[in-house]
Colleague: 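Here it is, the structure in full.
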Amino acid sequence: MSVGATPFNTARWGHTHVLDMDSFSLPDIEQVMETTDAMKEVLGRPIKRVPTFRGKTVATLFYESSTRTRASFELAAKNLSADVVSMAAATSSAAKGESLVDTVRTLEAMGVDVIVMRHTQSGAPYIAARHTKCSIINGGDGWHAHPTQALLDLYAIRERLGRLEGLRVVIVGDILHSRVARSNLYGMAAAGVEVTVCGPPTLLPPAFAAAFPGVRRETDLDAALDGVDVIMALRLQRERQEAGLLPSVEEYIARYQINPHRLSLARPGALVMHPGPVNQGVELSPEVSYGAASLIESQVANGVAVRMALLYLILGGEG
Amino acid sequence: MNHRLLISGGRLIDPASGHDAPADLLIEDGHIAWVGPGAPPQELDAILDATGLVVAPGFVDLHCHLREPGYEEKETIATATRAATRGGFTTVCAMPNTNPPTDSAAIIDFIKEKARTKGVVKVLPVGCISKGRRGQELAEMAAMAAAGAVAFSDDGSPVSDPRLMRHALEYSLSFGLPIMEHAEDEALSRDGAMHEGEVSLRLGLRGIPAAAEEAAVARDIALARLTGAKLHLCHISTAGAMEMVRRAREEGLPVTAEVTPHHLTLTHEQVLAPVPYDTSAKVNPPLRAPQDVRALVDGLRDGVIDAIATDHAPHTAMDKLVEFDFAPPGISGLETALGALLALVHSGEMDLMTLVTRLTTGPAKVIGHPLGSLTVGLPADVVLFDPTREWVVDPTAFASRGRNTPLAGRALRGKVMATLAQGVLAYRDEAVSLSLSSQAEPQRIRG
């Protein structure tokens, strides 16, 4: 059954899992964008639900709490009429209780089709994907990847600015610990976006430039902002200060907060993004966070549609 | 009547004598009785055909985790010593991070007894530096030395307290055995899962910087200079550590070092590809960058590094079937060591004599034992290997219980074909022909 007026072609789609953006080509990204357009059309209807995946089951397996991402995936699955089961699990290095591999195999045996997984440890979805026939969608793993966030970010930028290729984006903040940054670097590279990463060296080590060739590294924010089209600020975890990576939040604010002055250094009409939740007054000043440049609400709104699109493509479009 | 076995037709490489030429080797009652070209004029009970093979002293492994007592699900002395024969090793040093740890003469006795009754190669126990490997008080090193310990180590962990390390080195002067240090500054390496560099940044894994090893090596060399005691640095993995060992040697300090086959042949890229987050590539110290590998190979060839040691660290499949961060470090290395290392010879990075030296007399010298040579009169520890035979690593066929290797499925060039341990033919590939005379007593050959 097709989603909208136009039946969608899923034939080109070659992915069983969505683990990270590094495996996504530009045609893959374009296909997700087009499919998301159709899902947004569905979400604009009075009844935001299609019967496409009646009888299919999506499990959310979260080893790390996240109310937003989980709700976004569950709404996406429900809008496609899939059944949703939620599992909260606790990680344990001492292998107490059930292991990750046992858990995904159990879900597979229960007839689950797709597992949306969030995990505290980088790479966990890769281990899971190697040991189950279920499709795995990575809902965020450690510091490593958050591909659905990157796709919704790309979608939100394209929706507002009409294109991706040739845009200049600066990603600001705790790059080292950010799965959002890493996935966006791959996705933006594939889409022809020029990216600068910016943050203090303790959160953006010098070796980062060698790890991501083609990405510009800059520790001075004012220099990084010159003429950019999009500013993406990352969430700062307060424990970075306790770990000795930052002297104080105040010093971080002074050097890296996006405020109206800094915004004025970017191209006129530049957009400000944040994966949320925002530490108000830290990464963004309130004038910027709630101002006209902010794309934050649109990011959240597009999250459901992008995740519907991915489920649609992964499950093959046929109910 | 004496029992006589002739190993005939091989290329005999014996670093102790510098011999590298075709020669036969006669073994009489388990001891090397005669070496030379052409057959000896005695009646023989058996002939092992070494045509096309290299005949060398059995390899000596300074660093092996036999896991017994305490972790028999991972490995036992029986299985590890059989794995050793498949890898051409006839002597293995047993690291003391067992459960209970090998921190008393009683555990040394237990290991020796197990090795005598269940083992098939020589097992030399290493005792703990500190009681319980807790890094607080010295273990009874002299008692363990008297019971047969050949060295001391808290391997798996460094001796974090520099004062305790100083005292361990000083105390060891009275019996002259080396302190084998796992050099790691844990404040710098804490929670790290792999080498800190481009690959860890891409994979989002917490890195272990090269400086974590180098800071500890610098401290340990300073303490060796202070005390004059024998320091042996385990599994050196970085170019910086290598350079410090080179300078210490030039200075004449009693410092020796070992390097593992995996650090000589693999890089941190192994964690990324072919299998991303492959827990079998997780090891401590971690697989490093290509420039580190080059420096280690140079140091090995130049003799800055005395020994290749496997750091054989078997784990169960379940231990490794977890998130990368949660997997225990370690590679099951005995059975793949030679095949992996011969790549260095095939590529021209070192000659075969050098490689064999670092597997035989090099490590033997570190512990001061007359091992690793084909000198007449010594017990016959001999390996026969085909330096060019190709084979594919199949961990399910390992004699070791640990199938944890990043080389699974990889084709290696060079294979151990037969191993004699203390005069007993402990391993023989079917392709090596063994002919017995009519009066032969096969049990004396096969053990």
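Labels below follow one simple rule: chain letters A, B, ... track the order of the sequence lines, proteins then strands, and each chain is numbered from 1.
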Colleague: One thing to verify: whether B/Arg219 and B/Glu181 come together as a salt bridge, which I'm taking to mean a side-chain N less than 4.0 angstrom from a carboxylate O.
Modeller: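 Salt bridge: yes.
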Colleague: Side chain, backbone, both or neither: which part of A/His177 has a non-hydrogen atom closer than 4.5 Å to chain B?
Modeller: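 Neither part; nothing is under 4.5 Å.
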Colleague: Using distance alone, with no hydrogens and no angle criterion, decide if A/His119 and A/Asp141 have a side-chain donor and acceptor under 3.5 Å apart.
Modeller: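 Absent: no donor and acceptor within the cut-off.
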Colleague: Contact between B/Asn404 and B/Phe398 at the side-chain level, heavy atoms closer than 4.5 Å - yes or no?
Modeller: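 With C-beta onward as the side chain, the pair stays apart.
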Colleague: What option among B/Arg202, B/Arg206, B/Met318 has the most heavy-atom pairs under 4.5 Å with chain A?
Modeller: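 When all of B/Arg202, B/Arg206, B/Met318 are compared, B/Arg202 has the most.
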Colleague: Identify whether the distance between the nearest side-chain nitrogen and carboxylate oxygen of B/Arg246 and B/Glu243 falls below 4.0 Å.
Modeller: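 Between B/Glu243 and B/Arg246 there is a salt bridge, with a charged N closer than 4.0 Å to a carboxylate O.
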Colleague: Do you know which of A/Tyr126, A/Trp143, A/Phe212, A/Tyr186 has the most heavy-atom pairs with chain B at a distance under 4.5 angstrom?
Modeller: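 Most heavy-atom pairs under 4.5 Å with chain B: A/Trp143.
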Colleague: Checking heavy atoms, do the side chain of A/Arg130, its backbone, both or neither come under 4.5 Å from chain B?
Modeller: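 Side chain only.
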Colleague: For B/Asp278, is it the side chain, the backbone, both or neither that has a heavy atom under 4.5 Å from a heavy atom of chain A?
Modeller: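 Just its backbone gets close to chain A.
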Colleague: Just checking, is any N or O donor in the side chain of B/Arg288 or B/Thr238 under 3.5 Å from an acceptor N or O on the other one?
Modeller: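 Per modelled atom types, B/Arg288 and B/Thr238 side chains form no pair under 3.5 Å.
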Colleague: Non-hydrogen atoms of chain B under 4.5 Å away: do they reach the side chain of A/Leu176, the backbone, both or neither?
Modeller: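 It is the side chain, since no backbone atom gets that close.
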Colleague: Among A/Asp174, A/Leu245, A/Val282, find the one that has a side chain to side chain contact (heavy atoms under 4.5 Å, CB included) with A/Tyr252.
Modeller: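 For A/Tyr252, the side chain to side chain contact (heavy atoms under 4.5 Å, CB included) check succeeds only for A/Val282.
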Colleague: Measuring heavy-atom distances to chain B, does A/Phe208 have an atom under 4.5 Å in its side chain, in its backbone, in both, or in neither?
Modeller: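 Both backbone and side chain.
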